[in-house]
Number of protein chains: 2
Amino acid sequence: MLFSSEPLAPLVRKLLNIHPLSPEDRAAVLSLPSIVRQLEHGQYIVREGDVPTHSCLVVSGFAIRHKIMGDGARQIVNVHVAGDMVDLQNSLLKVADHNVQTLTAMEAAFIPRAAILDIAFSRPAVGKALWLETLVEGSIAREWIANVGRRNSLTRVAHLLCEFAYRLDAVGIGKQCNYELPMTQEQIADTVGLTPVHVNRTLKSLDAAGLTTRSRRSVVINDLARLAEVGDFRSIYLHLPQESLAA
Amino acid sequence: MLFSSEPLAPLVRKLLNIHPLSPEDRAAVLSLPSIVRQLEHGQYIVREGDVPTHSCLVVSGFAIRHKIMGDGARQIVNVHVAGDMVDLQNSLLKVADHNVQTLTAMEAAFIPRAAILDIAFSRPAVGKALWLETLVEGSIAREWIANVGRRNSLTRVAHLLCEFAYRLDAVGIGKQCNYELPMTQEQIADTVGLTPVHVNRTLKSLDAAGLTTRSRRSVVINDLARLAEVGDFRSIYLHLPQESLAA
DNA sequence: CGTAGTCTTGAAACTAGTCAATGTTCGTGG
DNA sequence: CCACGAACATTGACTAGTTTCAAGACTACG
């Protein structure tokens with residue numbers, strides 16, 4: 001099932017999570033012009049400085065957005081999963097201010113930027129949902145500033161694991177207490193602003209405390225409430241629909 | 001001149017920086033319903049958990065957005081100046097995920113959230129400008145993640161000073177090489193994820209290197225190019241109009 | 001079965017944090 | 001107009017958390 005018949009279905013699901021859409025709105029989103037492509041692991045989708053003409057929807061797989069510092073260091077500023085519009089930011093602003101790269105093999109749907117703007121203003125509900133989607137991204141970014149700026153390594157990593165628990169659960173990839181995270185410890189390090197070595201020690205101490213059980217890329221959270229406590233995690237900033245919060 | 005006759009003029013100026021607006025669009029923005037209020041230094045505008053009904057425009061003065069960690073630490077996630085919509089985020093999303101507080105005495109215009117949504121979808125150019133404005137904020141947030149996550153103290157602080165040089169210049173508050181920054185070193189520390197003591201030493205070493213000359217709250221940048229070099233600063237992420245970039 | 005990438009571990013070095021005291025600035029009221 | 005107090009800035013000595021360097025072990029894949 002490499003090419004699904006309705007590649008934009010994950011986008012509809014995502015937008016519905018944020019804002020109600022009429023059947024016509026949903027149909028309009030599904031019939032947006034798009035080109036579906038299979039991308040390999042590690043492939044760049046957008047590079048800083050590009051002037052993109054399309055936005056990219058993650059149909060399946062993972063992508064990251066990152067910035068490279070002057071000294072070569074990398075900071076991952078977001079991780080994207082199925083249903084995420086990976087570069088509304090880069091597409092609507094004239095010039096890309098950061099890189100987008102696949103984390104795994106990925107199925108992507110490219111939508112012309114003009115089509116996005118069209119639907120956003122011809123169908124206010126869709127426009128509002130898209131806008132809210134970008135606002136939620138902003139909210140996550142703010143939480144990451146706080147995570148990286150004001151929390152110690154243990155709290156920081158625990159927080160990230162909690163965030164993935166909620167986000168992956170929300171889109172039906174894995175359960176809150178058990179999911180696959182296709183990131184190396186080096187990539188986690190570049191996400192939380194630590195070194196790979198220290199991430200390794202930190203993950204180990206979460207395991208040692210009985211909070212998580214890891215093997216390879218699989219994460220099992222033994223006690224989400226306790227991990228959230230350690231990770232200073234409250235899910236408000238994800239702005240998920242109530243069902244997920246209640247779980 | 002406490003109450004200007006057209007309190008929303010700074011908003012028009014700001015939106016024009018991002019996206020062209022017709023005379024009618026400008027007039028429509030200026031005539032948005034708003035309540036102007038004088039706020040004192042340190043006053044909260046929105047608290048995490050609030051369900052705001054209005055968005056707040058900074059007419060004059062400064063405001064900060066911040067988050068409080070479980071251990072009481074604070075992280076400032078943005079600083080706002082005249083023309084900034086301080087909480088489109090908080091207003092459009094159901095529940096505020098962070099706090100907004102005045103940094104100085106401030107003149108604020110409160111606009112009902114419904115009016116914002118109305119104009120955004122009845123006047124696509126205004127809507128696009130507002131959306132782009134939130135995207136630029138997101139871009140700044142991503143840069144801050146990188147700043148706090150992957151740069152050392154000297155680079156971090158230098159970067160912040162460069163950002164203010166550009167942002168304040170862009171709205172006509174001070175010049176790039178000389179501006180007033182109404183923040184204590186403690187507030188700067190909470191912005192860049194350091195301690196006040198270390199910020200003090202870092203600022204001092206920027207001064208000692210001849211890059212800046214500070215006295216009280218005034219910042220003089222002796223050589224912006226060199227400070228940008230030290231601060232690993234490139235202004236793309238601010239998405240300013242070309243004139244400012246060329247300066 | 002070998003190789004590349006990733007993970008793990010230890011020891012030493014360093015950046016930034018903590019604690020605590022002193023100095024400075026500025027607004028206020030006598 | 002000066003004295004006082006509060007908030008803020010500055011400095012030093014010490015500590016802690018994280019990084020760096022380096023080596024070895026595991027895993028997956030061809």
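Order of the sequence lines fixes the chain letters, A, B, ..., with proteins taken first and strands second; residue numbering starts at 1 for each chain.
- Asp84(A) contributes no side-chain N or O that, together with a main-chain N or O of Val86(A), makes up a donor-acceptor pair within less than 3.5 Å.
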Readout for nucleotides 23-30 of chain D: B = base within 4.0 Å of protein heavy atom, S = sugar-phosphate only, - = neither; 5' to 3' it is -----S--

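- No side-chain donor-acceptor contact under 3.5 Å links Asp169(A) to the backbone of Tyr166(A).
- Look at CD on Glu186(B): it is 17 Å from P on dA6(D), rounded to the nearest Å.
- Under a 4.0 Å N-O distance rule, the pair Arg142(A)/Glu137(B) does not qualify as a salt bridge.
- Contacts of Arg217(B) with the nucleic acid, taken as non-hydrogen atoms under 4.0 Å apart, involve only primed sugar atoms and P, OP1 or OP2.
- The nucleotide whose nearest atom lies closest to any side-chain atom of Val197(B) is, among dT18(C), dC7(C), dC8(D), dT18(C).
- Using a 4.0 Å cut-off between charged side-chain N and carboxylate O, Asp232(A) and Arg156(A) make no salt bridge.
- For Thr184(A), counting side-chain heavy atoms from C-beta on, the closest listed nucleotide (dC7(C), dG17(C), dT19(D)) is dC7(C).
- Side-chain atoms of Gln75(B) come within 3.5 Å of backbone N or O of Thr191(B) as a donor-acceptor pair.
- Of the possible donor and acceptor atoms, one in the side chain of Arg167(A) sits under 3.5 Å from a partner among the backbone N and O of Val79(A).
- In this structure, NE2 of His41(A) is placed 12 Å from C1' of dT6(C), rounded to the nearest angstrom.
- Taking the screw axis at each terminus of the helix from dC1(C)-dG30(D) to dG30(C)-dC1(D) from five consecutive base pairs, the angle between the two is 40° to within rounding of 10 degrees.
- Using a 4.0 Å cut-off between charged side-chain N and carboxylate O, Arg150(A) and Asp190(B) make a salt bridge.
- In this structure, the CG atom of Leu194(A) is 14 Å from the P atom of dA16(C), given to the nearest Å.
- Between Gln187(B) and Arg150(B), the one whose closest nucleotide on DNA chain D sits nearer the 5' end is Gln187(B).
- Between Asn152(B) atom CG and dG17(C) atom C1' the separation is 16 Å, expressed in whole Å.
- Centroid-to-centroid, the aromatic rings of His41(A) and Phe62(A) stay 6.0 Å apart or farther.
- In this structure, the CG atom of Leu181(B) is 15 Å from the C1' atom of dC8(D), given to the nearest Å.
- The side chain of Ser153(B) has dA16(C) as its nearest neighbour among dT11(D), dA9(D), dA16(C).
- A heavy-atom distance below 4.0 Å to DNA chain C is reached by these residues of residues 199-215 of chain A, ordered by number: Asn200(A), Arg201(A), Lys204(A).
- The environment of CD in Glu186(A) is sparse: at most 12 heavy-atom neighbours from other residues, nucleotides or ligands sit within 6.0 Å.
- Without hydrogens or angle criteria, Thr102(B) side chain to Gly42(B) main chain gives a donor-acceptor distance under 3.5 Å.
- His66(A) and Arg74(A) share no side-chain donor-acceptor pair at under 3.5 Å.
- With rounding to whole Å, Met183(B) atom CE is found 11 Å from dA9(D) atom P.
- Residue Ile188(A) contributes atom CD1, which lies 12 Å from atom P of dT6(C) at whole-angstrom precision.
- Distance His198(A) NE2 to dT19(D) C1': 9 Å, rounded to the nearest Å.
- Of the charged side-chain nitrogens involved, at least one lies within less than 4.0 Å of a carboxylate oxygen, so that Lys67(B) and Glu143(A) count as a salt-bridged pair.
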